[in-house]
Number of protein chains: 2
Amino acid sequence: MDETTPPEDSHSQITSAHRELLDQVLDKWSLLVLDRLCEGPRRFNGLRRSIPGVAQKSLTASLRRLERNGMVERVVIHTRPVAVEYRISALGRTLQDLIDALLLWTTTHMTEVDNARNRFDAALDT
Amino acid sequence: MDETTPPEDSHSQITSAHRELLDQVLDKWSLLVLDRLCEGPRRFNGLRRSIPGVAQKSLTASLRRLERNGMVERVVIHTRPVAVEYRISALGRTLQDLIDALLLWTTTHMTEVDNARNRFDAALDT
DNA sequence: CGGGATCCTGCACGATACTG
DNA sequence: CAGTATCGTGCAGGATCCCG
């Protein structure tokens, strides 16, 4: 068993389909959208304002994709003008802990990463 | 407290820097690379073969970025021809559980997501 | 208010060829 | 073996305008 044929333990087969799914859920904005929606239902522009830097088009795309994947629900409220509420679904909730853990990880290890970056960049001048 | 000024609980401020960090670590290939390296040290081409579909250029870029962020270590072994071994760092290990959980989540909820997708797509024909 | 339609640009990523 | 260099392309994602 050389190193070109690695041991295939439980989840080593995870590649195409699983990666594609993660791409849909953990893409540039989706993770932040889900995080916001975990706090409670939000409407489009409120959501938009709570995520600085997101373009309207990108947010729309992100929401559509999350809706398609069953992570969020889109509720249209027929007032004038129309209101649309987005809320996280049960399936979406199953990701909440992971998202929290992920975001927590960034805050916890941000400085270590910064140090590593500085070391790496400094080593290039050698 | 209207919905335009959301409650800012503990991690609501996570945006630019944190999102950028997650982008570097959870990008298209990095997550899979880290997953493979958690199983043990790997060499370039072995790693490549264990991740179907990755282009050599992309793998190089991914490894460089992970190295810069202190997630993996690059060890050059001066033989003929050269061998280069990649191994996960201590900092990288702190992500292992999250990665496992993430990959596990995809396997667990893949069918639910598929159902949601079918429902969504079917609703478009209405 | 909540988007859809367009235009535009960068860069992420793949393919191919070459090197110490 | 482990890359670097170069080229080509799609498409993600921003900016802008418009509509029910």
Side-chain angles (χ1 to χ4, degrees), chain A residues 2-6 15-16 19-20 22-33 36-37 41-69 72-87 120 124, chain B residues 2-6 15-16 19-20 22-33 36-37 41-69 72-87 120 124:
Chain A
D2 65 354
E3 70 95 32
T4 64
T5 55
T15 46
S16 45
R19 239 255 359 268
E20 182 235 6
L22 283 181
D23 278 355
Q24 302 244 326
V25 170
L26 296 183
D27 78 350
K28 191 171 184 183
W29 302 109
S30 296
L31 191 137
L32 291 181
V33 170
R36 294 303 183 275
L37 291 183
R42 304 288 288 255
R43 291 178 32 201
F44 189 83
N45 282 326
L47 200 50
R48 183 145 120 96
R49 275 186 296 271
S50 79
I51 305 179
V54 67
Q56 169 269 344
K57 178 185 175 180
S58 305
L59 181 57
T60 303
S62 189
L63 284 170
R64 282 292 174 281
R65 188 168 32 212
L66 288 175
E67 188 193 357
R68 188 173 110 92
N69 289 350
V72 309
E73 284 151 15
R74 183 172 178 272
V75 183
V76 182
I77 305 167
H78 294 89
T79 54
R80 275 300 322 265
V82 214
V84 177
E85 196 178 76
Y86 291 93
R87 47 178 67 237
F120 185 91
L124 293 182
Chain B
D2 66 353
E3 71 95 33
T4 64
T5 55
T15 46
S16 45
R19 239 255 358 266
E20 182 234 6
L22 283 181
D23 278 355
Q24 303 244 323
V25 170
L26 297 183
D27 77 352
K28 192 172 184 182
W29 302 110
S30 296
L31 191 137
L32 290 181
V33 170
R36 294 302 184 277
L37 291 183
R42 304 288 288 254
R43 290 172 39 195
F44 189 83
N45 282 326
L47 200 51
R48 183 146 122 94
R49 276 186 295 269
S50 78
I51 304 178
V54 67
Q56 167 268 3
K57 179 185 174 182
S58 306
L59 181 57
T60 304
S62 188
L63 285 169
R64 281 290 175 284
R65 189 170 27 208
L66 287 175
E67 187 193 358
R68 188 174 110 92
N69 289 350
V72 308
E73 282 151 17
R74 183 172 177 273
V75 183
V76 182
I77 305 167
H78 294 88
T79 53
R80 273 302 319 267
V82 218
V84 178
E85 196 178 77
Y86 291 93
R87 46 178 67 237
F120 185 91
L124 292 182

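Below, each value reflects all heavy atoms present in this structure, side chains not excepted, and no hydrogens, waters or symmetry copies. Lettering of chains follows the sequences in order, A, B, ..., and the numbering in each one begins at 1. Not measured: the values here are computed from a predicted model.
- Here A:Lys28 reaches the OP1 or OP2 of D:dG14: one of its side-chain N or O atoms lies under 4.0 Å away.
- For the 3.5 Å distance criterion, the side chains of A:Tyr86 and A:Arg74 qualify, holding a donor opposite an acceptor.
- At whole-Å resolution of the value, CD in A:Gln56 and P in D:dC19 are 15 Å apart.
- The phosphate of D:dC1 has neither OP1 nor OP2 within less than 4.0 Å of any side-chain N or O from B:Tyr86.
- Salt bridge absent: A:Glu67 and A:Arg65 never bring a charged side-chain N and a carboxylate O closer than 4.0 Å.
- You'll find the side chain of A:Leu31 stays beyond 4.5 Å of the side chain of A:Val25, heavy atoms only.
- Distance A:Arg80 CZ to D:dG20 C1': 8 Å, rounded to the nearest Å.
- One can place CZ of A:Arg19 at 12 Å from C1' of C:dA12, the figure rounded to the nearest angstrom.
- OP1 or OP2 of D:dG3 sits under 4.0 Å from a side-chain N or O of B:Arg74.
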Using the rule given for side-chain contact (heavy atoms from CB on, under 4.5 Å), can you reason through B:Leu63 versus B:Leu47, listing the C-alpha separation, both sets of side-chain angles and the distance that settles it, and then say yes or no? CA-CA 10 Å; B:Leu63 285 169; B:Leu47 200 51; 3.9 Å; yes
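- For B:Ala83 and A:Gly53, each mapped to the nucleotide of DNA chain D holding its nearest heavy atom, the one lying further toward the 5' end belongs to B:Ala83.
- The separation between B:Asp27 atom CG and C:dA12 atom P is 10 Å, rounded to whole Å.
- Distances shown here put every side-chain N or O of B:Thr60 at or beyond 4.0 Å from the OP1 or OP2 atom of D:dG3.
- With D:dA2, D:dA15, C:dG2 as the candidates, the nucleotide lying closest to the side chain of B:Asn45 is D:dA2.
- One interatomic measurement links the two molecules: CG of A:Leu47 to C1' of C:dC1, which rounds to 14 Å at whole-angstrom precision.
- Ranking C:dG2, C:dG14, D:dG14 by closeness to the A:Trp29 side chain, first place goes to D:dG14.
- The shortest distance between side-chain heavy atoms of A:Gln24 and A:Glu20 falls below 4.5 Å.
- Across all strands shown, B:Arg64 has heavy atoms under 4.0 Å from sugar-phosphate atoms exclusively, and none from any base.
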Going through the distances and angles, do A:Val84 and A:Phe44 end up as a side-chain contact (heavy atoms from CB on, under 4.5 Å)? CA-CA 7 Å; A:Val84 177; A:Phe44 189 83; 5.5 Å; no
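- For A:Pro81, the side-chain atoms get nearest to C:dC1 when compared with the rest of D:dA2, D:dG14, C:dC1.
- Nucleotides of DNA chain D nearest to A:Ser58 and A:Val82 differ in position, and the one nearer the 5' end is that of A:Ser58.
- The phosphate of C:dG2 has OP1 or OP2 within less than 4.0 Å of a side-chain N or O from A:Arg43.
- Residue A:Lys57 has its side chain nearest to D:dG14 when only D:dA2, D:dG14, C:dC13 are considered.
- When the C1' atom of D:dA2 is taken as reference, atom CD1 of B:Ile51 falls 15 Å away, rounded to whole Å.
- Look at CZ on B:Arg48: it is 13 Å from C1' on C:dC13, rounded to the nearest Å.
- For B:Asp23 and C:dC11, the CG to C1' distance is 14 Å, given to the nearest whole Å.
- Among the nucleotides D:dA2, C:dC13, C:dG3, the one closest to the side chain of B:Val84 is D:dA2.
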